[in-house]
A.B. asks: 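So that we are looking at the same thing, I have put the structure below in structure tokens.
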Amino acid sequence: MRIGLLRETAPRERRVALIPATVQRLVQQKHEVLVERDAGTAAFFPDQLYRDAGASIVDSAAAAMAGADLVVKVQPPDAGQVGAMKQGAVLVSLLAPHASGPLLDALAQAGVSALALELVPRTTKAQSMDILSSQATVAGYQAVLTGASRMGRLLPMLTTAAGTITPGKAFVIGAGVAGLQAIATAKRLGAVVSAFDVRPVVKEQVMSLGASFVEAEAKAEGAGGYAKELSDDQQARVLEAIGKHIKDMDLVITTAAIPGKPAPRLVTRAMVESMRPGSVIVDVAAETGGNCELTKAGEDVVHAAVTILGPRNLASSLPRDASFMFSKNVQALLEHAIKDGALQVNVEDAILGPMAVTHAGAVRYGRN
Amino acid sequence: MRIGLLRETAPRERRVALIPATVQRLVQQKHEVLVERDAGTAAFFPDQLYRDAGASIVDSAAAAMAGADLVVKVQPPDAGQVGAMKQGAVLVSLLAPHASGPLLDALAQAGVSALALELVPRTTKAQSMDILSSQATVAGYQAVLTGASRMGRLLPMLTTAAGTITPGKAFVIGAGVAGLQAIATAKRLGAVVSAFDVRPVVKEQVMSLGASFVEAEAKAEGAGGYAKELSDDQQARVLEAIGKHIKDMDLVITTAAIPGKPAPRLVTRAMVESMRPGSVIVDVAAETGGNCELTKAGEDVVHAAVTILGPRNLASSLPRDASFMFSKNVQALLEHAIKDGALQVNVEDAILGPMAVTHAGAVRYGRN
Amino acid sequence: MEALIVSVIIFTLATFLGVELINRVPTTLHTPLMSGANAISGITIAGALIVAGGEHGWISTVLGFLAVVFAMVNVVGGYAVTDRMLQMFKRKPEQK
Amino acid sequence: MEALIVSVIIFTLATFLGVELINRVPTTLHTPLMSGANAISGITIAGALIVAGGEHGWISTVLGFLAVVFAMVNVVGGYAVTDRMLQMFKRKPEQK
Amino acid sequence: MSHTLTQLTYLVASVLFILGLKWLSSPATAVKGNRISGFGMLIAIVVTLLDQAIVTYQVVIAGLAVGSGLGLWMARAVKMTSMPQMVALLNGLGGGASLLVGGAEFLRSELVNEQLPIDTSITIQLSVLIGAVTLTGSFIAWAKLQEVMTGKPILFAGQKAFNALLFLAVIGLSAYQVSVPESVLWPFYAVVAISLLLGVTLVIPIGGADMPVVISLLNSYSGIAAAMTGFVIRNEVLIIAGALVGSSGIILSQIMCKAMNRSLANVLFGAFGAAAGGGSTKTAEGLTVRQTSADDAAVQLAYAKSVIVVPGYGLAVAQAQHIVREMADLIEKKGGEVKYAIHPVAGRMPGHMNVLLAEANVPYDKLFDMDQINAEFERTDVCLVIGANDVVNPASRTDPGSPIYGMPILNADRAHSIIVLKRGMGAGFAGIENELFYNPKTAMLFGDAKGSLQKVVTELKAL
Amino acid sequence: MSHTLTQLTYLVASVLFILGLKWLSSPATAVKGNRISGFGMLIAIVVTLLDQAIVTYQVVIAGLAVGSGLGLWMARAVKMTSMPQMVALLNGLGGGASLLVGGAEFLRSELVNEQLPIDTSITIQLSVLIGAVTLTGSFIAWAKLQEVMTGKPILFAGQKAFNALLFLAVIGLSAYQVSVPESVLWPFYAVVAISLLLGVTLVIPIGGADMPVVISLLNSYSGIAAAMTGFVIRNEVLIIAGALVGSSGIILSQIMCKAMNRSLANVLFGAFGAAAGGGSTKTAEGLTVRQTSADDAAVQLAYAKSVIVVPGYGLAVAQAQHIVREMADLIEKKGGEVKYAIHPVAGRMPGHMNVLLAEANVPYDKLFDMDQINAEFERTDVCLVIGANDVVNPASRTDPGSPIYGMPILNADRAHSIIVLKRGMGAGFAGIENELFYNPKTAMLFGDAKGSLQKVVTELKAL
Ligand SMILES: NC(=O)c1ccc[n+]([C@@H]2O[C@H](COP(=O)([O-])OP(=O)(O)OC[C@H]3O[C@@H](n4cnc5c(N)ncnc54)[C@H](OP(=O)(O)O)[C@@H]3O)[C@@H](O)[C@H]2O)c1
Ligand SMILES: NC(=O)c1ccc[n+]([C@@H]2O[C@H](COP(=O)([O-])OP(=O)(O)OC[C@H]3O[C@@H](n4cnc5c(N)ncnc54)[C@H](OP(=O)(O)O)[C@@H]3O)[C@@H](O)[C@H]2O)c1
Ligand SMILES: NC(=O)c1ccc[n+]([C@@H]2O[C@H](COP(=O)([O-])OP(=O)(O)OC[C@H]3O[C@@H](n4cnc5c(N)ncnc54)[C@H](O)[C@@H]3O)[C@@H](O)[C@H]2O)c1
Ligand SMILES: NC(=O)c1ccc[n+]([C@@H]2O[C@H](COP(=O)([O-])OP(=O)(O)OC[C@H]3O[C@@H](n4cnc5c(N)ncnc54)[C@H](O)[C@@H]3O)[C@@H](O)[C@H]2O)c1
């Protein structure tokens with residue numbers, strides 16, 4: 001099988017979909033891998049490493065895709081790239097399917113079977129292919145580091161000859177994968193950490209990390225381990241609970257999300273104004289609209305001396321390990337899908353089925 | 001006594017020399033405190049807090065200094081400010097005396113008694129006034145945070161469904177106050193930490209933080225707990241030891257310094273080139289020339305895919321706590337120096353003596 | 001009567017001693033200890049010998065003979081079995 | 001001779017029992033324990049009483065009287081002193 | 001040989017028994033203890049043989065030879081796994097010996113029409129009664145363990161009353177026998193018969209899994225029977241050794257019950273209430289779970305050369321990371337090697353276990369991921385699974401219907417023995433049963449992981 | 001009262017003594033233990049009085065009254081701090097009683113020219129010998145502790161040989177006395193005299209600080225003397241109680257020696273080698289440091305209501321943060337409160353202690369900085385200083401010449417008692433002596449902080 005690995009062109013995207021170690025494995029399995037020049041450079045994997053792994057470096061995306069049975073990248077391809085794929089090829093990448101109608105149509109038309117990585121089912125078995133989990137892990141960690149270095153103060157408690165620095169208070173809203181990692185990282189740095197989520201199972205998980213849980217009488221567990229949207233009444237209770245708690249916080253990390261929906265609004269302008277000067281909010285949900293009212297995706301907002309960071313694509317700012325995990329996920333997916341040396345998009349498969357957004361010339365996403 | 005607190009005008013300086021809590025204490029001790037508008041704003045202490053503490057807010061530096069018996073600021077004053085001080089006033093600030101000959105002359109001429117904060121003796125008793133220690137603490141912590149968030153990878157070990165992320169290796173060169181804090185912070189984040197220093201007592205201290213010590217046969221303990229410069233022979237041995245060790249490192253924090261001397265060169269270009277792509281060097285000694293050959297103060301250099309950060313005034317990037325500690329130090333100094341409501345610059349005093357760089361119209365610094 | 005009292009005293013002291021001796025035994029030693037104690041209770045052999053060896057008529061001799069056999073099985077089997085169990089238990093730390 | 005052997009047996013058993021009873025004592029209890037044991041050794045009183053109370057001539061009576069006094073001081077003083085020490089020791093946890 | 005010397009030698013034998021028992025209760029000295037007590041037995045036997053009371057040697061020698069031969073053969077032939085029933089058998093024989101000695105004395109005195117002193121009469125009755133109960137009770141215990149008869153409690157209506165009746169009858173008959181001066185034999189035979197029956201009826205209602213406790217108790221009885229025999233023939237070594245075994249046996253039974261978290265009364269009479277489960281829990285499908293206690297786990301760990309700890313979400317919930325570290329340190333001090341096997345999805349977030357173990361300062365070089373360590377399980381003495389479930393569930397290998405089928409797991413089930421720490425039989429994240437828990441090599445240590453580990457650590461320190 | 005009943009009561013008394021001793025050795029049951037043993041003594045006395053052997057009551061009653069009165073008065077009057085010497089005194093009297101009983105029996109038999117059986121003769125000699133040694137030995141111990149005579153070892157040339165000679169003489173004379181059938185008295189008087197002298201010469205070479213061990217040993221002797229008296233008058237309760245005290249006393253002496261990290265032989269004969277230092281170390285300036293042991297520290301901590309831990313650089317060097325946390329947890333489980341006092345410059349970098357304690361997950365709300373906690377020390381039962389030195393050096397308050405004069409310190413010296421954990425008498429960063437270590441309220445627990453704490457934790461768990 002011929003596999004093409006593309007260089008990312010989206011702004012701020014520094015990751016690469018396959019790292020040399022994965023390429024080497026594919027080559028050992030008798031696949032041919034074509035890598036677009038500098039595909040891994042921004043993630044600190046220079047071309048030489050790919051060459052050492054047995055891939056051929058080609059000069060353009062088109063060259064990498066020419067005749068490829070499988071095209072792998074991180075971000076959705078642009079229109080030109082779709083055109084360059086051969087009929088019957090398989091594309092593996094993030095596709096943001098709920099927001100990419102035209103792209104899906106184009107892929108279907110081009111006869112490309114596209115597997116959307118964000119649709120890996122969240123089952124125990126598919127966990128090794130779960131890109132959302134792995135990238136959220138990096139994001140949760142990086143959110144704390146960025147937030148902490150912008151906070152104006154230290155997180156750990158320090159008793160020094162120049163007075164005692166009280167420990168910073170960190171508050172994590174939305175304790176999914178990213179949120180839990182943020183809790184762990186803030187705890188490591190010595191912060192006093194609290195967290196909030198609407199799924200009831202999360203409380204035990206939060207406490208298993210040594211953080212405290214902020215209670216609000218609102219439970220909203222949806223399907224597949226995800227949350228669902230809150231009723232107005234619940235939303236009011238949640239806002240009250242957060243509002244009471246947030247005043248005192250030095251670092252707030254918000255990661256609340258509902259799949260396919262805009263991020264829930266959980267931090268209001270009034271709450272921001274109630275916070276102490278120098279506090280920082282890191283809105284990890286910035287890209288889907290932000291959990292904070294004042295968040296601007298990709299920008300740093302300072303309001304009432306509170307800094308609100310709206311980072312885009314946080315995982316990409318630690319491109320090496322983010323790519324490492326991304327690549328391992330893709331590798332697990334390919335190992336699951338490749339039978340007898342060829343990639344079979346079996347739409348009956350419990351894992352591939354939900355991921356295959358286009359197949360056999362048709363758009364499958366949203367049909368059921 | 002009338003005390004004037006100035007706003008900092010130096011670029012990148014966000015700290016303030018006295019925080020409202022200290023001002024309140026001075027006011028309670030019947031001093032009059034004049035604060036230049038927005039003196040604390042950048043450090044997240046708005047004017048209102050100073051007013052609440054009993055200070056008067058004045059519009060200009062000149063107004064704050066008018067008739068002041070004591071002028072307090074963080075960075076050395078500029079020529080204009082020196083002129084505005086009254087004869088016999090006392091100035092407390094950093095003065096970088098070894099590099100500020102003209103400033104000292106001006107101060108002496110203006111009849112100002114200047115206490116250089118960097119000259120607090122490093123005795124147990126004076127530790128509560130030791131600005132170098134307190135600011136180095138902040139710097140060491142922030143160096144790790146900044147370095148880690150630029151590293152391209154995570155510091156802690158994580159075993160995940162997407163593979164095992166091995167722990168990042170951090171190496172601290174120069175384990176003084178900043179270096180030890182860097183060790184502690186990197187350890188907190190889960191890094192495998194090693195450190196190097198030329199003072200023999202440091203080894204036990206490094207190990208008391210759970211880090212390992214890199215041995216090189218070179219001992220250079222100077223006076224007052226400081227290091228001294230190395231002989232050529234020792235320097236060679238040190239470079240060899242560091243060179244062997246650094247290849248494998250993901251995060252290098254260098255803090256080596258010798259008082260009044262340019263920073264020792266400990267990381268060469270060749271060493272940088274031997275490091276892995278994506279590694280980061282944070283050169284805390286950048287302002288005094290840098291421990292790394294490639295460091296440019298105030299700039300981020302990328303060489304052979306290794307990022308070399310040369311941050312200036314790291315402490316100032318966490319202005320709130322840095323100011324808190326700075327202010328507590330100044331407060332301890334004032335409480336030591338103020339007798340019967342007036343500040344006495346007693347040049348016989350074990351603490352004030354060495355700090356008084358100008359007094360009674362003359363420059364004292366460098367005279368003995 | 002005096003003799004009985006003395007026997008009672010001895011019995012009482014030995015009982016207390018038995019209680020104090022077995023203070024804290026790891027579970028793994030429960031069976032060997034039980035077995036070892038059982039072997040000690042085979043001391044009835046002393047009584048059996050006296051009964052079997054005395055010339056008190058054939059009933060005593062027959063019963064005594066049986067008693068000696070029973071008690072001896074208990075004694076010999078008990079110690080041997082205990083030793084076997086303990087050997088197994090011992091081996092591991094020695095391997096180190 | 002029989003009687004002596006029995007006494008020796010009793011003595012032996014009691015000796016073992018004494019060893020087993022005192023297994024691990026915290027330092028703080030060393031003095032009270034010593035004192036308490038000392039009070040028990042005042043059991044010589046029983047011997048003293050028999051000697052003093054029997055009609056074996058004046059020497060026995062005089063020596064017996066002294067023995068009773070000595071032993072009784074040992075007994076009464078011993079228990080009382082031990083109790084005082086232990087009271088002091090007890091007080092703290094009770095305050096809680 | 002003078003009587004005094006005999007008695008002195010008996011005293012020496014008694015001292016050796018005392019030391020033997022003492023040493024038997026600690027792993028380090030147990031072997032020595034058993035041997036020294038055996039030596040005590042040897043000199044007791046030799047001295048008895050040399051004593052003036054023995055006049056005809058043929059019978060005695062024959063009995064010794066037959067008994068020793070049989071005993072040795074049994075000890076050699078028995079399989080390691082059948083040890084408890086072997087002890088039961090031997091114990092029963094010991095009880096039988098007491099019965100016979102008491103009986104012989106009684107019959108002898110009746111025969112020569114000797115009027116026995118009252119205390120001798122009483123102790124004869126006691127040695128016969130206790131000896132007989134021990135004899136049949138032990139055989140029932142043996143039968144249950146050997147699965148010659150059912151291990152389940154055998155119950156019938158009025159059983160309790162029946163037992164009580166038998167007991168009263170025996171006491172009454174004994175009292176009658178002792179008090180009647182004339183030479184009558186039938187009450188004696190009745191006592192023997194009823195006692196034998198009592199031994200049976202007392203043990204059958206107790207479940208097979210509780211037999212070790214019963215054996216220990218019967219062992220204590222046979223000690224008392226021996227002591228009683230000692231009263232009968234005025235022999236101090238019998239009294240001392242018998243009393244030692246009598247009291248230590250009861251203590252041991254109680255320790256055993258405590259290890260199973262039950263009372264002695266519950267073990268002996270529990271079946272009359274509910275059908276007690278014994279030391280094992282049965283599940284719906286009839287599979288059996290083996291429970292263990294902290295001290296047992298501690299011994300296993302102390303003597304293991306290699307231990308792999310498999311931490312899971314339960315470790316995090318219990319916040320037991322620090323105590324795990326402490327335990328590992330202790331094991332390593334004792335010469336064992338401890339590694340941690342981290343499954344990629346253990347816990348509830350990527351790296352969950354790393355965070356915890358880093359907090360407890362477990363050195364990185366002791367952490368191994370699945371691929372690194374999976375081959376090592378089969379060479380591992382003990383795998384300690386702490387609050388993990390799905391990540392060690394063999395269903396992922398064997399059961400294609402399972403939601404985790406195909407997920408690679410840690411091969412905990414390949415270790416020589418497995419100890420699982422959980423609060424109960426709760427399922428993990430995937431919500432499925434885990435057959436590892438029913439593996440015969442697996443012992444479950446139920447309770448909050450932190451609490452359980454704390455107990456293990458305490459025991460480890462005491463070892 | 002029948003003899004049998006008497007003996008049975010004696011048996012009951014013996015059992016009460018056994019229980020009493022057992023309970024006395026654990027803090028929770030000690031009070032009960034002493035009382036039950038006292039009750040045993042009471043019934044033993046009453047039964048003896050009722051026994052047929054006593055015919056004249058005047059003398060007996062008088063003796064009892066005088067003895068009780070004196071005993072009670074002494075027990076009341078003694079100061080808490082003089083307890084050890086009090087015990088010595090009482091013990092001496094007990095030995096004296098044995099001497100008198102033995103002597104009376106001997107003189108009686110000589111008077112009526114009764115030929116005593118050999119064993120009675122021997123035991124009379126033994127009870128006289130041991131009783132006499134106990135009598136004078138205990139008085140010397142008392143005198144040393146009361147500082148009536150010097151606490152230093154008293155040595156003279158040939159002392160060892162002299163003692164050996166005395167011992168041989170006593171044995172020889174005793175043997176002679178026993179073996180000669182004629183009625184001679186002088187060897188007996190000589191035995192008494194030499195034994196009394198032996199008591200003196202055996203104890204004077206032992207230092208005052210070691211007297212508790214000596215008393216415990218003499219206590220054991222007086223138990224043996226009582227047992228010998230029991231042999232003389234054929235009384236089981238004397239034998240049992242005496243033997244109990246005899247053996248437990250020796251064990252206790254050994255435990256005491258172990259707590260001081262010395263052997264019994266070293267305590268008893270050590271002075272002949274080097275002049276042993278005892279439990280305290282002297283410094284150049286003649287100040288004395290009081291040493292303590294881990295188990296003692298543990299008891300203090302277990303019964304403290306409030307504990308303040310003062311961590312210092314030594315804690316970091318020893319990497320003892322985790323074990324400190326564990327110790328604190330244990331103390332809190334026992335109902336005490338633990339706080340940590342963090343001095344601003346403790347350790348070698350700002351926040352050094354915070355980093356460590358955070359690593360061990362000590363909750364922030366237990367950390368107090370100097371200003372918050374300094375007022376609390378005087379209300380604190382135990383201040384535990386772990387590897388800190390300069391930050392608790394009172395010289396900063398009192399000694400204007402000191403380099404740290406004027407630096408605020410933690411008021412550790414104001415606590416009710418202070419335990420300092422260090423490896424030795426090393427100085428801290430500032431390189432100066434610390435008078436806190438010589439404070440009478442301070443006890444030093446020498447050794448690596450981690451090791452010491454580990455021992456403390458083990459002891460705490462056992463309490
Ligand atoms: N790592 C990730 O990123 C991630 C994310 C989401 C989901 N998951 C899933 O989570 C699972 C992880 O497997 P796992 O083996 O770590 O955990 P698990 O399968 O969830 O099992 C945890 C076990 O711990 C026991 N437990 C809970 N609290 C305890 C306590 N205080 N003391 C002792 N035992 C306690 C529970 O049994 P009792 O109730 O009987 O005590 C339970 O069976 C996998 O199925 C994985 O797919 C993982
Ligand atoms: N915090 C800061 O920023 C900073 C920076 C530089 C200097 N200092 C100075 O450092 C000092 C700190 O005071 P401190 O009380 O924390 O420490 P310290 O005065 O230096 O005393 C530490 C003590 O710990 C003992 N020790 C060392 N290793 C040990 C071990 N393994 N186990 C048990 N004990 C051990 C040593 O005594 P033994 O040898 O007898 O065991 C030593 O006396 C102050 O003088 C301060 O001015 C502080
Ligand atoms: N079984 C598996 O293999 C597997 C793999 C990955 C994740 N998961 C589970 O899926 C869950 C969701 O993971 P995710 O991080 O991708 O979720 P996510 O990114 O969709 O959401 C992040 C968090 O925000 C929370 N949230 C949503 N609305 C909220 C509101 N109004 N207020 C507060 N919080 C709100 C959600 O509950 C979730 O915890 C995880 O907790 C994890 O347990 C399971
Ligand atoms: N007693 C007190 O009150 C007090 C207060 C503060 C600091 N101090 C002591 O002073 C010491 C120095 O503190 P600092 O951080 O201000 O020092 P610094 O900033 O002058 O130097 C930083 C470190 O660089 C090291 N260094 C110098 N040349 C080197 C070389 N060629 N290679 C490697 N390392 C080199 C120094 O040894 C020092 O540890 C500290 O370790 C501390 O113990 C004492």
A.B. asks: Let me confirm one number: the CG-OG1 distance from D321(A) to T166(B), rounded to the nearest 0.5 Å.
C.D. replies: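 So the CG of D321(A) and the OG1 of T166(B) are separated by 7.0 Å.
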
A.B. asks: Could you tell me whether the side chain of Y141(B) and the main chain of L155(A) form a donor-acceptor pair under 3.5 Å?
C.D. replies: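 Side chain of Y141(B) to backbone of L155(A), a donor-acceptor pair under 3.5 Å: yes, one is there.
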
A.B. asks: Name the region of Q181(B), side chain, backbone, both or neither, that has any atom closer than 4.5 Å to a heavy atom of chain A.
C.D. replies: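 When you check distances to chain A, only side chain atoms of Q181(B) fall under 4.5 Å.
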
A.B. asks: Heavy-atom pairs under 4.5 Å with chain B are the metric here; pick the option from V138(A), T164(A), T41(A), I131(A) that has the most.
C.D. replies: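 Heavy-atom pair counts peak at T164(A).
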
A.B. asks: Using non-hydrogen atoms and a 4.5 Å limit, figure out which bit of T137(A) sits close to chain B: side chain, backbone, both or neither.
C.D. replies: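 Interface part for T137(A): side chain.
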
A.B. asks: Could you measure the distance from the CG atom of L189(A) to the CG atom of L145(B)? Nearest 0.5 Å is fine.
C.D. replies: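 So the CG of L189(A) and the CG of L145(B) are separated by 6.0 Å.
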
A.B. asks: As an exercise, state the distance from OG of S149(A) to CZ of R150(B), rounded to the nearest 0.5 Å.
C.D. replies: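 Nearest 0.5 Å value for the OG-CZ distance: 10.5 Å.
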
A.B. asks: For Q127(B), is it the side chain, the backbone, both or neither that has a heavy atom under 4.5 Å from a heavy atom of chain A?
C.D. replies: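 Both backbone and side chain of Q127(B) come within 4.5 Å of chain A.
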
A.B. asks: With a 4.5 Å cut-off on heavy-atom pairs, point out which of R276(B), R14(B), M129(B), K328(B) contacts chain A the most.
C.D. replies: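 Heavy-atom pair counts peak at K328(B).
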
A.B. asks: Could you tell me the separation between the CZ atom of F44(B) and the CZ atom of R153(A), rounded to the nearest 0.5 Å?
C.D. replies: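 It comes to 11.5 Å.
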
A.B. asks: Considering only heavy atoms from C-beta outward, does the side chain of R188(A) approach that of K187(B) to under 4.5 Å?
C.D. replies: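 Of all side-chain heavy-atom pairs linking K187(B) with R188(A), none is under 4.5 Å.
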
A.B. asks: Side chain, backbone, both or neither: which part of A148(B) has a heavy atom under 4.5 Å from chain A?
C.D. replies: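 Both parts, heavy atoms under 4.5 Å.
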
A.B. asks: Indicate the atoms forming the closest heavy-atom contact of A162(A) with M325(B), along with that distance.
C.D. replies: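 Scanning both residues, the minimum pair turns out to be CB-O, 3.6 Å.
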
A.B. asks: Between atom CG of L154(A) and atom OG1 of T185(B), what is the distance when rounded to the nearest 0.5 Å?
C.D. replies: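 Going from the CG atom of L154(A) to the OG1 atom of T185(B) covers 8.5 Å.
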
A.B. asks: Between A161(A), G152(A), A43(A), which residue shows the highest count of heavy-atom pairs closer than 4.5 Å to chain B?
C.D. replies: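 So the answer, after comparing A161(A), G152(A), A43(A), is G152(A).
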
